[in-house]
Amino acid sequence: MVGGPALDARLPQCMRSGQIPAAPSQDCHRVPTADMEPVAPAEKAHTASRSISWRALMASPVALFHFRLNADHGIGRVELLKLWAQACHSTEVSVSRVESGSGSGKVHTYSLFGPTKNLDIRDAENRMRDSLAKALPKAALVLRRY
């Protein structure tokens with residue numbers, strides 16, 4: 001298992017069990033951090049509550065990389081999240097997958113989100129390339145920066 005018990009204990013229950021809900025919440029696949037506070041959604045921009053946590057907003061991961069795989073070479077969200085968290089040396093990461101095409105032309109585009117502070121992007125990129133090559137040895141993929 002990738003990640004170890006320290007990372008696994010911080011994963012949401014849906015990810016620890018390997019069960020991904022049919023309609024996940026917005027933050028279901030985001031690894032929680034100790035300093036995060038709930039952010040109340042505002043109904044309208046001009047009526048936004050002043051209680052919004054700017055610290056939580058600033059800690060939000062940003063899109064750093066993306067790659068595409070044919071549907072027959074896919075990777076699960078839980079495994080990808082663990083690989084990405086290890087590559088970044090951070091738990092402030094998330095991943096997403098968008099499916100496009102149909103039939104034999106079906107393709108998955110994966111996006112990797114990470115912290116902007118205290119991240120050596122080149123080292124994280126190299127570690128992620130190595131991790132993906134080990135996890136998907138038969139897949140041809142190109143990891144690209146946003």
Side-chain angles (χ1 to χ4, degrees), residues 1-42 45 48 51-146:
M1 178 189 292
V2 180
L7 178 62
D8 290 344
R10 296 185 68 176
L11 292 174
Q13 178 60 37
C14 66
M15 295 176 75
R16 277 185 267 155
S17 66
Q19 299 295 316
I20 306 298
S25 65
Q26 183 178 9
D27 290 330
C28 177
H29 302 296
R30 179 156 178 230
V31 178
T33 60
D35 67 337
M36 283 183 61
E37 297 173 16
V39 178
S51 66
I52 292 176
S53 169
W54 290 106
R55 182 173 52 176
L57 288 174
M58 296 304 287
S60 296
V62 297
L64 298 174
F65 297 100
H66 66 278
F67 63 95
R68 295 173 64 165
L69 291 174
N70 290 336
D72 55 337
H73 287 107
I75 185 170
R77 289 182 183 170
V78 174
E79 183 180 1
L80 182 59
L81 182 66
K82 288 178 182 180
L83 293 175
W84 182 227
Q86 278 192 324
C88 288
H89 294 170
S90 174
T91 57
E92 293 181 17
V93 298
S94 63
V95 301
S96 70
R97 180 183 79 182
V98 175
E99 197 173 290
S100 60
S102 62
S104 62
K106 190 180 281 188
V107 175
H108 294 158
T109 301
Y110 297 87
S111 296
L112 307 175
F113 301 82
T116 55
K117 287 183 3 180
N118 303 324
L119 175 68
D120 185 333
I121 192 92
R122 289 184 184 150
D123 285 346
E125 180 178 9
N126 289 333
R127 284 190 293 269
M128 192 62 189
R129 285 182 198 282
D130 292 344
S131 296
L132 288 171
K134 288 176 187 172
L136 303 163
K138 296 183 179 184
L141 64 91
V142 177
L143 184 64
R144 295 190 172 139
R145 290 187 191 186
Y146 273 105

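Computed from a predicted structure; not experimentally measured.
Between A124 and C88 the shortest heavy-atom distance is CB-CA, 4.3 Å. Residue I75 comes nearest to A135 through the heavy atom pair CD1-CB, 4.4 Å, listed as atom of the first residue, atom of the second, then distance. Contact between R77 and V95 at its shortest, heavy atoms only, is O-CG2, 4.0 Å. When all heavy atoms are compared, the tightest approach of G114 to V93 is CA-CG1, 4.2 Å. Heavy atoms only, all atoms of each residue included: G74 and L69 are closest at CA-CD1, 4.2 Å.
With sequence neighbours excluded, the residues forming a salt bridge (Lys or Arg N to Asp or Glu O under 4.0 Å) with R145 are E125, listed by chain and number. In this view, S111 and Y146 satisfy the side-chain hydrogen bond (donor to acceptor under 3.5 Å, both in side chains) rule, not counting sequence neighbours.
With rounding to the nearest 0.5 angstrom, the NE2 atom of H73 is 13.0 Å from the CG atom of L132. Atom CG of L80 sits about 5.0 Å away from atom CZ of F67, to the nearest 0.5 Å. Once rounded to the nearest 0.5 Å, the distance linking CG of L112 with NE2 of H66 reads 10.0 Å.
Environment of CZ in R129: crowded, with over 12 heavy atoms of neighbouring residues, nucleotides or ligands closer than 6.0 Å.
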Residues 96-106 side chain polar contacts: donor-acceptor under 3.5 Å, at least two apart:
{"residue": "E99", "atom": "OE1", "partner": "H108", "partner atom": "NE2", "Å": "3.2"}
{"residue": "E99", "atom": "OE2", "partner": "K106", "partner atom": "NZ", "Å": "3.3"}

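Tested against D123 for a side-chain contact (heavy atoms from CB on, under 4.5 Å), the candidates L119, D120, I121 yield a single pass: D120.
A donor-acceptor contact shorter than 3.5 Å is absent between the side chain of W84 and the backbone of M128.
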